[in-house]
Amino acid sequence: MMTPTQTATSNGGALWLGDLTKGGVGHAVSGLVLVDGFDPNNRDPEEVAIMEKARDFSAHSVFFEAGRNGRPGHAQAFVFVDDARTDKEFAELHQRLWSWGGVPLIYRKTAGLIQLFRCAHNSDFLDKNGKLVCNPIKTLELAARIDEDAAWWDATRIRNGTIWDDPEVCREMLSSTRAAHRRLIAAVDVLYRTLISENVLNEGLSRRLLILSLLIAYLEERKVLSSDYFGQFVDGATKFFEVLADGPALIRLLQSMEDRFNGHVFRLDDEEKAMLRGTDQLRRFADLVEAQKEAGGQLTLWKTYSFGDLPVELISHIYQLFVKDNNSSVYTPPALVRLVLEEALSWKRLDQLEAEKQVILDPACGSGIFLVEAYKRLILHWRSRNNWAHPSVKVLKTLIRRVHGVDMEAGAIQLAGFSLCLALCDALESEEIKASVKLFPILANRSLHHDCFFQRRPDLPAP
């Protein structure tokens with residue numbers, strides 16, 4: 001339930017928002033960085049990456065929390081001022097930012113109004129029928145001055161981080177179960193358990209096709225695969241699910257994608273091909289996957305998310321759903337991954353790694369969440385040392401081979417390969433992906449090894 005609109009009448013904590021103009025700010029606000037005119041030189045690489053993301057979304061500015069203990073502050077909000085978007089278009093933007101999950105808050109200033117949207121809680125941008133709606137959690141009407149002093153409007157509290165010390169703010173703006181990433185994992189968990197309990201296909205093939213569905217959804221939303229692409233395999237098909245229901249057509253589709261992208265990502269072995277040709281359950285499988293509803297909701301998971309904006313490392317977390325022995329696998333929160341790698345792979349340490357041509361090795365890599373984040377840091381480091389140029393496919397392939405992993409779980413190694421290839425895609429523009437041939441390098445048994453590290457260690461390949 002959204003709160004009623006409040007009227008602002010005198011000076012107070014939200015004054016900074018009232019002073020924003022399309023071209024700048026009324027007065028300097030600590031932590032607020034304008035997108036236009038941002039100079040990446042001598043700035044922390046992670047700050048530059050966030051500012052580039054804000055520019056891609058046509059944001060006015062980014063509000064950063066103050067840094068601590070020598071580390072840069074995290075982005076707390078994207079700010080949009082008098083942009084030309086309609087409410088429907090802003091709802092689409094809200095869905096994309098919610099799916100991305102890179103900032104918890106969005107501020108939007110329009111004629112006479114300031115709106116606050118949340119990106120780490122419910123999917124407020126959808127009504128009960130799945131229709132996109134512009135639905136702010138808080139709204140202020142701009143009058144002569146602004147006196148609303150709730151924490152979510154207060155620049156000082158956003159800057160020093162005390163906004164999150166307020167229980168009311170946390171309750172209204174944050175949710176560990178309703179935010180995009182945990183909800184997607186939960187929805188895929190329900191779907192996977194349903195597929196296995198109904199014995200639609202065997203576990204290995206169900207898992208493989210489910211992951212491929214997520215990967216292809218990503219490529220569709222990045223506009224790499226056009227709607228007429230699927231008509232090559234099933235007459236009149238405009239989406240993947242229409243091919244997924246037809247075994248022989250699905251084999252041809254995946255072979256076409258393997259020929260195009262390489263990397264053994266879409267490759268099927270002979271046993272998998274035989275199962276797909278012989279089963280009469282693919283229509284049931286496709287129906288279950290396409291129609292999967294989120295817990296307690298009416299919407300399918302495919303309508304709720306902007307798959308092209310989901311962080312690529314999320315696929316690594318899905319591995320946890322497929323692990324039979326939960327005692328041997330531990331869920332690693334993304335924030336902890338980033339914290340560990342900020343320590344282990346500082347920018348100076350990466351300078352040394354590059355100078356000495358070293359590799360990064362995770363001896364128990366699981367589905368590759370540390371490897372994906374390490375690869376992303378390698379890309380960001382390369383860009384920071386090359387005048388913020390965007391790396392070519394050749395450079396990206398060189399960097400991906402610097403990341404090595406070993407794990408005893410075959411499914412985990414497979415997912416690590418998927419995740420790293422997605423991370424490579426994420427560093428390219430859609431047109432670059434379309435134009436590429438054999439984009440994905442083969443990683444299995446080269447930089448990713450299904451084995452025990454202590455048995456594999458003597459013959460791990462040199463970089």
Side-chain angles (χ1 to χ4, degrees), residues 95 98-101 119-131 174-218 220-221 239-245 250 275 279 281-334 366-367 369 409 411-412 414-415 418-419 422:
Q95 181 184 39
W98 179 83
S99 297
W100 172 52
C119 293
H121 208 290
N122 274 335
S123 50
D124 300 325
F125 47 83
L126 293 173
D127 66 16
K128 63 181 180 180
N129 297 313
K131 190 175 180 179
L174 305 176
S175 173
S176 62
T177 58
R178 299 175 187 173
H181 304 164
R182 285 298 185 92
R183 278 178 60 176
L184 177 61
I185 290 172
V188 174
D189 186 23
V190 170
L191 175 56
Y192 181 63
R193 292 177 187 276
T194 301
L195 292 169
I196 298 307
S197 67
E198 296 192 14
N199 198 29
V200 179
L201 297 170
N202 73 32
E203 286 191 38
L205 190 56
S206 291
R207 178 175 63 200
R208 185 82 190 281
L209 293 181
L210 186 53
I211 293 297
L212 286 173
S213 296
L214 296 173
L215 177 56
I216 292 171
Y218 170 87
E220 283 186 275
E221 292 217 9
K239 55 185 179 179
F240 171 62
F241 294 116
E242 294 168 327
V243 180
L244 180 59
L250 178 61
M275 284 191 286
T279 184
Q281 294 295 307
L282 275 175
R283 166 55 61 187
R284 174 64 177 152
F285 182 92
D287 288 345
L288 280 170
V289 172
E290 184 176 18
Q292 175 61 37
K293 292 181 174 61
E294 295 192 298
Q298 299 302 311
L299 297 175
T300 69
L301 66 90
W302 309 103
K303 290 182 179 179
T304 306
Y305 303 90
S306 172
F307 280 85
D309 294 295
L310 287 166
V312 295
E313 60 268 24
L314 189 62
I315 195 170
S316 300
H317 292 297
I318 294 172
Y319 163 65
Q320 303 302 319
L321 310 179
F322 307 138
V323 176
K324 294 179 180 179
D325 181 8
N326 287 322
N327 292 324
S328 65
S329 176
V330 178
Y331 172 78
T332 312
S367 56
I369 183 169
E409 179 74 33
Q414 187 179 74
L415 277 176
F418 282 151
S419 299
L422 273 178

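Residue numbers run from 1 in the order of the sequence given. Quick caveat, the model's predicted, so the values are computed rather than measured.
Side chain of Trp98 to backbone of Tyr305: no donor-acceptor contact under 3.5 angstrom is found. Between the side chain of Asn129 and the main chain of Lys131, no donor-acceptor pair closer than 3.5 Å is present. Using modelled atom types, one side-chain atom of His181 and one backbone atom of Trp100 make a donor-acceptor pair closer than 3.5 Å.
Phe285 CZ to Leu209 CG: the interatomic distance, rounded to the nearest 0.5 Å, is 4.5 Å. Rounding to the nearest 0.5 Å gives a distance of 10.0 Å between CZ of Arg178 and CG of Asp124. Within the model, atoms CZ of Arg207 and CG of Leu201 stand 13.0 Å from one another, a figure rounded to the nearest 0.5 Å. Interatomic distance, CG of Leu415 versus CD1 of Ile369, reported as 12.0 Å (0.5 Å rounding). Between the CG atom of Leu210 and the OH atom of Tyr192 there is a distance of 8.5 Å, given to the nearest 0.5 Å. Between the CZ atom of Arg208 and the CD atom of Gln414 there is a distance of 4.5 Å, given to the nearest 0.5 Å.
Here the shortest heavy-atom pairing between Gln95 and Lys303 reads NE2-O, 3.2 Å. Annotation for Leu191 and Leu288: closest pair CD1-O, 3.6 Å, computed over non-hydrogen atoms. Taking every heavy atom of both residues into account, Ser99 and Ala180 meet most closely at CA-CB, 4.0 Å. For Phe307 against Glu221, the heavy-atom pair with the smallest separation is N-OE1, 3.1 Å. A pairwise comparison of heavy atoms in Ser213 and Leu244 identifies OG-CD2, 4.2 Å as the closest pair. Across every non-hydrogen atom of Thr279 and Leu282, the tightest pair is CG2-CG, 3.7 Å.
Between Thr177 and Arg182, every side-chain heavy-atom pair lies at or beyond the 4.5 Å cut-off. Taking the side chain as every heavy atom from C-beta outward, Lys239 and Ile216 never approach each other to under 4.5 Å.
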Go through the steps for Phe241 and Val289 under the test side-chain contact (heavy atoms from CB on, under 4.5 Å), then give the verdict. CA-CA 8 Å; Phe241 294 116; Val289 172; 3.5 Å; yes

For the pair Ser206 and Ile196, evaluate side-chain contact (heavy atoms from CB on, under 4.5 Å) and give the outcome as yes or no after the intermediate values. CA-CA 8 Å; Ser206 291; Ile196 298 307; 4.2 Å; yes

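Evaluated for a side chain to side chain contact (heavy atoms under 4.5 Å, CB included) with Leu184, the options Asp189, Leu314, Thr304 yield exactly one hit, Leu314.
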